Amino acid sequence: MFRSGKRVVALVAALAGAALVAAGCSSQGGAQQSNTNATAQRYTIAMITHEQPGDSFWDKIRAGAEQAASELNVDLKYSNNNDAGQQATLVQNAIDSKVNGIAVTLAFADQVGPAAQKAVQAGIPTVAFNSGINEYQKYDIPMYFGSDEDLAGQSAGQRLAQAGGGKALCVVQEQGSVALEARCAGVKKSFPSTENLQVNGADLPSVQQTIGAKLQQDPSITDVVTLGAPYALAALQAKTDAGSQAKVVTFDLNADVAKAIQSGQILFSVDQQPYVQGYMAVQSLWLNLTNGNDLGGGKPVLTGPSFVDNTNISKIADYAAKNTR
């Protein structure tokens, strides 16, 4: 936990930057100046992700990005592909169209990173977010917004150990994603009796069946760890069908998972706050374009892990319903 201190400071700095932008509203003169800055030039920012169709997680990324774009008079161009080669092509397309800034996820860093590096070399301000915390600097990208997935996994594993779990199943819904692999690896570091289960995240009925079959095969599993909110709901149905007593925990949050936490069906969610990731990715590019700012001091700006459980769900459930948590 201690090694995240500098990164937390970076997040505080980032949010302080956001507060400075809003501070223009504290007086009539300030408000006029802020509005002038926001409308003086309309910048075009491309956001390119590895979104997998049907995953509601990305709705929060887009909601945050669109909110920032609306506030700052930014023309946001969102595109996605969960094929590494196709996502790299989308980055190249953004470069060719001469956008003013690029925000990109690096779940498949080896393929997408070199394309993002070309954007940097072309003089296009570029930030990474959500995935690629350990890889973004390799491609000369100066800023990153997201969770430390290894730390998040370790923190989740520690909670499982404290609760007296015996064996965990970590469900990976997208093969080759560095962020998902880091989560499960982190869980295993602090809860060694953890086994990975690969599923096809694009097919939720298949996910449910695969988890259920594993639970029936191995009754020693005491905890199921899913890496996304939709898969947590599939795991709940799978354990019911299998007659398993395994507890379900998850990474990420949506309105249905929030309700399941309230009812005690899901113990906790490890939230990376995707709304904040989308918002800060766009805002940081706008600050760089309009004022030459860099956030994070050369370190990742952390948006998580933030735990949601029965101690704070009553407040956060409202935000989840609004699609901002």
Side-chain angles (χ1 to χ4, degrees), residues 1-4 8 57 147-173 179-199 207-208 210-274 302-317 319-320 325:
M1 296 290 287
F2 293 104
R3 62 189 180 88
S4 66
V8 173
F57 170 86
S147 181
D148 183 330
E149 302 295 7
D150 178 72
L151 173 63
Q154 290 190 58
S155 300
Q158 288 168 1
R159 284 199 168 205
L160 295 180
Q162 291 168 359
K167 181 178 180 179
L169 187 68
C170 194
V171 182
V172 184
Q173 73 268 19
L180 299 183
E181 291 173 355
R183 286 177 174 180
C184 284
V187 172
K188 191 174 181 64
K189 286 179 182 178
S190 54
F191 195 71
S193 184
T194 297
E195 177 184 345
N196 288 7
L197 178 68
Q198 187 72 49
V199 298
V207 172
Q208 180 180 318
T210 304
I211 296 173
K214 184 65 178 178
L215 290 174
Q216 286 183 326
Q217 175 191 340
D218 187 354
S220 69
I221 295 171
T222 58
D223 299 274
V224 178
V225 182
T226 60
L227 305 183
Y231 315 106
L233 300 172
L236 285 178
Q237 188 59 54
K239 66 169 272 188
T240 298
D241 294 343
S244 170
Q245 298 301 311
K247 300 171 184 176
V248 176
V249 304
T250 191
F251 285 72
D252 302 334
L253 189 68
N254 64 17
D256 289 331
V257 167
K259 292 176 182 177
I261 293 173
Q262 284 180 310
S263 67
Q265 293 176 290
I266 294 176
L267 291 187
F268 61 81
S269 168
V270 188
D271 185 19
Q272 61 178 300
Q273 302 188 104
L302 291 187
T303 64
S306 173
F307 281 90
V308 179
D309 56 24
N310 61 2
T311 66
N312 58 4
I313 188 60
S314 60
K315 176 180 179 180
I316 291 177
Y319 301 137
R325 283 295 295 267

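Please read these numbers as outputs of a predicted model, since none were measured by experiment.
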Going from [atom1] on [X] to [atom2] on [Y], what distance comes out if it is rounded to the nearest 0.5 angstrom?
X: T194; Y: I221; atom1: OG1; atom2: CD1; answer: 10.5 Å
X: T222; Y: L169; atom1: OG1; atom2: CG; answer: 10.0 Å
X: E195; Y: C184; atom1: CD; atom2: SG; answer: 11.0 Å
X: D223; Y: L160; atom1: CG; atom2: CG; answer: 4.5 Å
X: L302; Y: Q273; atom1: CG; atom2: CD; answer: 10.5 Å
X: I261; Y: D309; atom1: CD1; atom2: CG; answer: 7.5 Å

Short question: side chain of [X], backbone of [Y] - any donor-acceptor pair under 3.5 Å?
X: N312; Y: F307; value: yes
X: Q198; Y: V172; value: yes
X: S269; Y: V308; value: no

Mind checking whether [X] and [Y] have side chains closer than 4.5 Å, heavy atoms only?
X: L215; Y: V224; answer: yes
X: D241; Y: Q208; answer: yes
X: D252; Y: Q272; answer: yes
X: D218; Y: K167; answer: yes
X: I211; Y: V207; answer: yes

Can you establish whether the number of heavy atoms outside [X] located under 6.0 Å from its atom [atom1] is more than 12?
X: K214; atom1: NZ; answer: yes
X: K188; atom1: NZ; answer: yes
X: Y319; atom1: OH; answer: no

Check V225, T226, D271 against F251 for a side chain to side chain contact (heavy atoms under 4.5 Å, CB included) and give me the one that passes. V225
If every non-hydrogen atom of [X] is compared with every non-hydrogen atom of [Y], which pair is closest and at what distance?
X: S190; Y: G157; answer: OG-CA, 3.2 Å
X: A242; Y: Q216; answer: CB-CG, 3.6 Å
X: A260; Y: S263; answer: O-OG, 3.1 Å
X: D148; Y: P305; answer: O-CD, 4.5 Å
X: L253; Y: A320; answer: CD2-CB, 4.4 Å
X: L227; Y: C170; answer: CD2-SG, 4.0 Å

